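What follows is a single structure, written as structure tokens, with notes after it.
Because the structure is a prediction, the values reported are computed rather than measured. In this chain, numbering begins with 1 at the start of the sequence shown.
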Amino acid sequence: MAVGKVWVGIDVGKGFHHACAVDQAGKVVFSRKVANSQAAIEALIARTTAKATGGVVWAVDMTSGPAGLLIALLRATGQPVLYVPGRLVNRMAGAFAGEGKTDAKDSRTIAETARLRSDLTPVPGPDAVVTDLQVFTARREDLMADWVRGVNRIRELLASIFPALERAFDYSTRSALVLLTGFQTPAGIREAGAAGLSGYLRDQGAWAKGIPSMVDKALAAAAEQTVALPGESVTAPLIARLARQLLELDREIKDLDKQLADRFAEHPDAGHITSLDGFGPVLGAQLLAGTGGDLQTAFRSSGHLAAYAGLAPVPRDSGRVRGNLHRPQRYHRGLRRVFYPAALSAIKRPDSPSRTFYLRKRGEGKRHTQALIALARRLVDVIWALLRDRRKFHPSPPVTATAAA
């Protein structure tokens, strides 16, 4: 039976998706499981478009990974596809699906949310460069999480057997990890002596200029502790192995960053983005990956982009309380992790407009974090203008022609 306009919500899964369609009154038209295969998805699209005489709006809760084939086939039809974040699905579930959670209930929630809300972000069309950047940035995020976890684990293990050495170095640096591959105990450092430590660090490629200082710090740490703590015999080899793994992980991250930078440079907006203080290839790639590569299509304004990145405060008024603003709960955390570090990097240049803006906000009484967030919000406006006008950043505003009097 033919119906008018329908909204189809799809709860994305690895092997199967669940699709639910609702009409303009919110009545369920169909709800079914669909295999994550080209034939099954194409059949779903054909049946739905044939039945919906008023058009179809599709909505998904994922835009990458298992959703790749689904989105590619939906975009090929030229129909609108909206993104409903998982956090929003969880918040809206109680209104539409009641207690409990199933794929069928989630897909209906996605469909109803797309029907009722006008502020959802469209899923952009495929872009080969942006797609590659999404893969690279997702992999980099995984590697960096492994890196942070590994460094924290090394510090924890080292503090249990040799706390003075744990305090002596920053183990997110390559040279400090090189030291740990060979020496993890006070006795081992004392036995090697200055000559042994220097030779090992030099042979293993530690930073040459920093070797004398490292040797002095290591020997001073060893002098502080003359006892071997329980567990040292099994913990020390674990520290050495973990240090070697982190050195290999560091090489993998650097290789990935080179691939990412080369691919990012092929995007037409790369030069415009990196012309702004604070943005390098990595943050630029994360920006394109998080927005789909076309800010003008995906977002109506810079304010819309700022809200999506969690940098535009929303009101929380109640009773007589007015003007109470707070950070939104629903925002893209990946984009917030682009603009905040960009702001932090931009203020390092003493003569940059970003530092001037930051200092002005501090002068207005804002705390460091508040001033950085204000600067991050400002960077959203600047990036938006640069990509809109297809130009690179310059500290002076562009000159506009005016008619002669």
Side-chain angles (χ1 to χ4, degrees), residues 3 5-23 28-52 54-90 92-93 96-97 101-117 119-139 141-142 288-294 297-299 308 332 334-335:
V3 294
K5 186 174 183 179
V6 300
W7 289 258
V8 182
I10 301 180
D11 181 59
V12 175
K14 292 181 180 179
F16 293 88
H17 310 308
H18 199 101
C20 178
V22 298
D23 62 16
V28 175
V29 178
F30 67 78
S31 179
R32 63 171 64 97
K33 181 184 285 189
V34 181
N36 189 13
S37 68
Q38 182 171 344
I41 295 171
E42 287 178 340
L44 170 69
I45 295 172
R47 287 196 302 267
T48 306
T49 53
K51 182 179 293 187
V56 185
V57 176
W58 303 83
V60 296
D61 64 339
M62 289 179 62
T63 59
S64 59
L69 177 61
L70 170 67
I71 291 176
L73 295 174
L74 287 174
R75 293 296 307 179
T77 66
Q79 299 177 78
V81 184
L82 303 176
Y83 172 51
V84 183
R87 289 174 60 88
L88 180 57
V89 176
N90 292 337
M92 302 289 283
F96 300 124
K101 181 184 185 304
T102 65
D103 293 344
K105 288 182 177 181
D106 285 348
S107 61
R108 183 182 177 187
T109 300
I110 295 168
E112 290 281 18
T113 303
R115 180 176 70 90
L116 295 175
R117 299 189 65 141
D119 61 342
L120 299 176
T121 303
V123 177
D127 181 300
V129 175
V130 173
T131 300
D132 290 348
L133 292 178
Q134 288 171 337
V135 174
F136 283 140
T137 55
R139 176 58 178 161
E141 185 175 348
D142 289 341
L288 293 177
T291 59
D294 188 350
T297 300
F299 303 98
Y308 188 62
H332 192 291
L335 280 181

- Is the side chain of D61 donor-acceptor paired with the backbone N or O of V12 at a distance under 3.5 Å, no angle test? yes

- Task: Could you grab the distance from atom OG1 of T137 to atom CG of D142, nearest 0.5 Å is fine?
- Result: 10.0 Å

- Rounded to the nearest 0.5 Å, how far apart are CH2 of W7 and CG of L116? 8.5 Å

- Shortest non-hydrogen contact from G9 toward A111: N-CB, 3.4 Å

- Residue pair A19 / I10: nearest heavy atoms and the distance that separates them: CB-CG1, 4.2 Å

- Task: Check T113 against L120 and note the closest heavy-atom contact, atom names and distance.
- Result: O-CD1, 4.0 Å

- Apply side chain to side chain contact (heavy atoms under 4.5 Å, CB included) to the pair T49 and T77, showing each step before the final yes or no. CA-CA 10 Å; T49 53; T77 66; over 6 Å; no

- Taking C-beta and beyond as the side chain, do R32 and L44 meet within less than 4.5 Å on heavy atoms? yes

- Message: So which atom in H17 and which in L70 form the shortest heavy-atom distance, rounded to 0.1 Å?
- Response: NE2-CB, 4.0 Å

- CD1 (I71) and OG1 (T131) are apart, to the nearest 0.5 Å, by 10.0 Å

- Message: Would D106 and H18 count as a side chain to side chain contact (heavy atoms under 4.5 Å, CB included) here? Give the steps.
- Response: CA-CA 8 Å; D106 285 348; H18 199 101; over 6 Å; no

- Message: Working to the nearest 0.5 angstrom, can you tell me the gap between I110 CD1 and K105 NZ?
- Response: 14.5 Å

- Which heavy atom in V81 sits nearest to a heavy atom in R75, and how many Å separate them? CG2-CD, 4.2 Å

- Query: Closest approach of A21 and V8, non-hydrogen atoms and distance?
  - Reply: CB-CG2, 3.9 Å

- Message: Distance check, rounded to the nearest 0.5 Å: R115 atom CZ versus K5 atom NZ?
- Response: 11.0 Å

- Task: Find out whether Q79 and I45 are in side-chain contact, i.e. whether some heavy atom of one side chain is under 4.5 Å from a heavy atom of the other.
- Result: yes

- Residue pair W58, V123: steps toward the side chain to side chain contact (heavy atoms under 4.5 Å, CB included) verdict: CA-CA 10 Å; W58 303 83; V123 177; over 6 Å; no

- Task: Please say which of V6, V22, V3, T48 ends up in a side-chain contact (heavy atoms from CB on, under 4.5 Å) with F30.
- Result: T48

- Distance col, row D103:CG vs C20:SG, nearest 0.5 angstrom, shows 12.0 Å

